[in-house]
Number of protein chains: 2
Amino acid sequence: MPHVAELAHKLKKAGYKLTPARLAVIDVLESGGEHLCHNQILEAGQKIYPKLSRATVYRTMDILVELKLMRPLYLNEPTQRFVSAAGGHHHLVCTRCGQTIEFDDCTANELVDQLADRYGFQIHHHLLEFRGVCVNCQ
Amino acid sequence: MPHVAELAHKLKKAGYKLTPARLAVIDVLESGGEHLCHNQILEAGQKIYPKLSRATVYRTMDILVELKLMRPLYLNEPTQRFVSAAGGHHHLVCTRCGQTIEFDDCTANELVDQLADRYGFQIHHHLLEFRGVCVNCQ
DNA sequence: CAAAAATTGAGACGGTGTCTCAATTGTGGC
DNA sequence: GCCACAATTGAGACACCGTCTCAATTTTTG
Ligand SMILES: [Zn+2]
Ligand SMILES: [Zn+2]
Ligand SMILES: [Zn+2]
Ligand SMILES: [Zn+2]
């Protein structure tokens with residue numbers, strides 16, 4: 001959950017204008033929770049700034065990803081969704097009811113180091129996704 | 001890389017007919033490598049069985065997923081791709097050139113147990129995705 | 001062989017992501 | 001505050017993808 005002020009400031013600093021359309025998008029990102037997709041951002045953004053168009057949402061998200069402020073991911077759907085760019089992301093998904101639990105503890109650091117070593121990668125973030133059947137669905 | 005014979009046999013066993021269209025799809029899956037998407041399966045399948053249609057590819061893949069013989073996943077694209085259903089999947093992706101390394105060693109077993117414990121999940125498989133910059137792109 | 005059931009391909013459809021273009025808007029210099 | 005210019009915008013066109021329907025075909029059953 002990035003701060004409006006923070007995203008806006010970095011956008012400005014990178015040479016982009018702070019237009020109402022962009023501010024609406026940023027506002028949505030700050031207050032709208034995780035895993036938002038373009039359409040959700042558009043719909044919520046139009047409540048703040050009705051003229052907001054689909055193209056602008058796509059363009060603004062492109063910029064935010066380019067600046068590494070947000071990060072796209074896919075959650076078992078053909079829909080691109082966005083999370084703030086820092087750190088890893090960890091999901092526990094029930095394949096029957098679709099429930100998605102987000103958990104924080106991450107034991108992947110060790111593995112990150114190994115991989116960085118072996119393949120010469122600079123690893124920036126990761127997505128761990130575990131899939132199975134939740135308590136209710138068993 | 002599942003065996004044609006194996007997929008075909010399980011399909012038959014589950015009560016589905018082994019039609020030329022389905023056999024073409026299965027043939028592609030067996031010989032076509034990992035991470036195939038619907039379109040790739042369609043195009044390759046039409047070389048084996050020219051009448052093969054898009055709808056049938058989608059329907060056949062639905063069945064294979066339903067029977068837990070194949071598993072869908074998304075790799076930083078809005079495109080659903082398929083891998084054989086068993087085990088985990090581990091990717092190292094370069095965010096600059098898109099190169100995807102597949103690695104096998106998995107240190108997630110411990111975490112799997114923890115999660116199963118804490119949330120009561122039966123965990124069936126997982127996808128670990130690490131993203132960063134590869135040697136060439138640094 | 002006839003009837004019923006399963007499967008198929010073709011095409012229509014709505015939704016999504018991309019692109020173009022003319023109109024609008026924000027900004028720095030005055 | 002105003003102007004000129006470049007950046008940004010919204011609307012709409014477009015291609016593509018996944019879904020659905022339906023009539024025709026194929027397979028199974030009696
Ligand atoms: Zn998440
Ligand atoms: Zn569940
Ligand atoms: Zn893979
Ligand atoms: Zn690279």
Side-chain angles (χ1 to χ4, degrees), chain A residues 4 7-28 35-67 69-82 98, chain B residues 7-28 35-67 70-82 98:
Chain A
V4 175
L7 285 181
H9 177 250
K10 290 187 179 169
L11 212 61
K12 177 113 192 180
K13 197 175 153 195
Y16 295 98
K17 296 180 181 171
L18 287 183
T19 64
R22 285 174 181 163
L23 287 173
V25 169
I26 290 178
D27 211 339
V28 170
H35 305 161
L36 294 181
C37 67
H38 288 107
N39 259 353
Q40 293 172 323
I41 297 169
L42 175 60
E43 284 173 24
Q46 285 179 332
K47 287 180 187 156
I48 300 173
Y49 181 67
K51 282 197 304 175
L52 182 64
S53 70
R54 194 152 47 114
T56 297
V57 171
Y58 278 88
R59 285 185 289 231
T60 304
M61 295 315 297
D62 280 350
I63 294 172
L64 293 177
V65 169
E66 177 64 28
L67 294 179
L69 298 173
M70 299 295 289
R71 179 160 101 76
L73 55 78
Y74 293 85
L75 298 174
N76 300 305
E77 278 177 323
T79 314
Q80 192 175 42
R81 298 180 175 277
F82 294 92
Chain B
L7 286 182
H9 177 249
K10 289 188 180 167
L11 212 61
K12 178 112 191 181
K13 197 174 153 194
Y16 294 99
K17 297 177 182 172
L18 288 183
T19 64
R22 285 174 181 163
L23 285 172
V25 169
I26 289 178
D27 211 340
V28 170
H35 304 161
L36 294 181
C37 67
H38 287 106
N39 259 354
Q40 293 171 324
I41 297 169
L42 174 60
E43 284 173 23
Q46 285 179 334
K47 287 178 188 156
I48 301 171
Y49 181 66
K51 282 197 304 175
L52 182 64
S53 69
R54 195 153 45 115
T56 297
V57 171
Y58 278 87
R59 286 185 287 231
T60 304
M61 294 314 298
D62 281 350
I63 294 173
L64 293 177
V65 169
E66 177 64 29
L67 294 179
M70 299 296 288
R71 180 160 100 77
L73 54 79
Y74 293 85
L75 298 174
N76 300 305
E77 280 176 322
T79 313
Q80 191 175 45
R81 297 180 176 277
F82 294 92

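In the text below, chain A, chain B and the rest are named by the order of the sequence lines, each starting its count at 1.
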Check: To the nearest Å, how far apart are Y16(A) OH and dT27(C) P?
Finding: 15 Å
Note to self: Can you measure L52(B) atom CG to dT25(D) atom P for me and round it to whole angstrom units?
What the structure shows: 18 Å
Check: For S53(B) and P78(B), take the nucleotide of DNA chain C holding the closest heavy atom to each; which residue's nucleotide lies nearer the 5' end?
Finding: S53(B)
Note to self: So R54(A) and V57(A), do their side chains get closer than 4.5 Å, heavy atoms only?
What the structure shows: no
Next item on the list: Compare side-chain N and O positions of K51(A) against OP1 and OP2 of dT25(C) and report whether any pair is under 4.0 Å apart.
Entry: yes
Margin query: So that I know where these two stand, are F82(A) and H38(A) an aromatic pair - ring centroids less than 6.0 Å apart?
Written below: yes
Notebook entry, point to check: Under 4.0 Å between a side-chain N/O of T19(B) and OP1 or OP2 of dT26(D), yes or no?
Noted result: no
Notebook entry, point to check: Roughly, in whole Å, what's the span from CD1 in I63(A) to P in dA7(D)?
Noted result: 12 Å
Check: Between Q46(B) and L52(B), is there a donor-acceptor pair closer than 3.5 Å when you use the side chain of the first and the backbone of the second?
Finding: yes
Next item on the list: Looking at every strand, decide which applies to A55(A) at a 4.0 Å heavy-atom threshold: base, sugar-phosphate, or nothing.
Entry: base
Check: K17(B) side chain N/O closer than 4.0 Å to the phosphate oxygens (OP1, OP2) of dA5(C)?
Finding: no
Check: Only one of D27(B), T60(B), L64(B) clears side-chain contact (heavy atoms from CB on, under 4.5 Å) with R22(B); which?
Finding: T60(B)
Check: In whole Å, what is the span from the OH atom of Y74(A) to the C1' atom of dG18(D)?
Finding: 15 Å
Notebook entry, point to check: Tell me: CG of D62(A) to P of dC19(C), nearest whole Å?
Noted result: 10 Å
Item checked: Short side-chain N/O contact to dC17(D) OP1/OP2 from N39(B), under 4.0 Å -> yes
Next item on the list: Could you tell me the separation between the CG atom of L42(A) and the NZ atom of K47(A), rounded to the nearest 0.5 Å?
Entry: 11.0 Å
Next item on the list: Kindly say whether, by distance alone, the side chain of R54(A) makes a donor-acceptor pair under 3.5 Å with the base of dG12(D)?
Entry: no
Margin query: Measuring to OP1 and OP2 of dG9(C), would you say a side-chain N or O of T56(B) lies under 4.0 angstrom away?
Written below: yes
Note to self: Expressed as a whole number of angstroms, how long is the span from I41(A):CD1 to dT16(C):C1'?
What the structure shows: 14 Å
Check: Does a nitrogen or oxygen in the side chain of R22(A) sit under 4.0 Å from OP1 or OP2 of dT8(D)?
Finding: yes
Next item on the list: Round to the nearest Å and state the distance from L18(B) atom CG to dA6(C) atom P.
Entry: 16 Å
Notebook entry, point to check: Just how far, in rounded Å, is P of dT8(C) from CG of L42(B)?
Noted result: 13 Å
Margin query: Let's see if you can work this out: which of dT8(C), dT19(D), dT20(C) has an atom nearest to the side-chain heavy atoms of R59(A)?
Written below: dT20(C)
Check: Between A21(A) and K12(B), which has a closest nucleotide on DNA chain D that is more 5'?
Finding: A21(A)
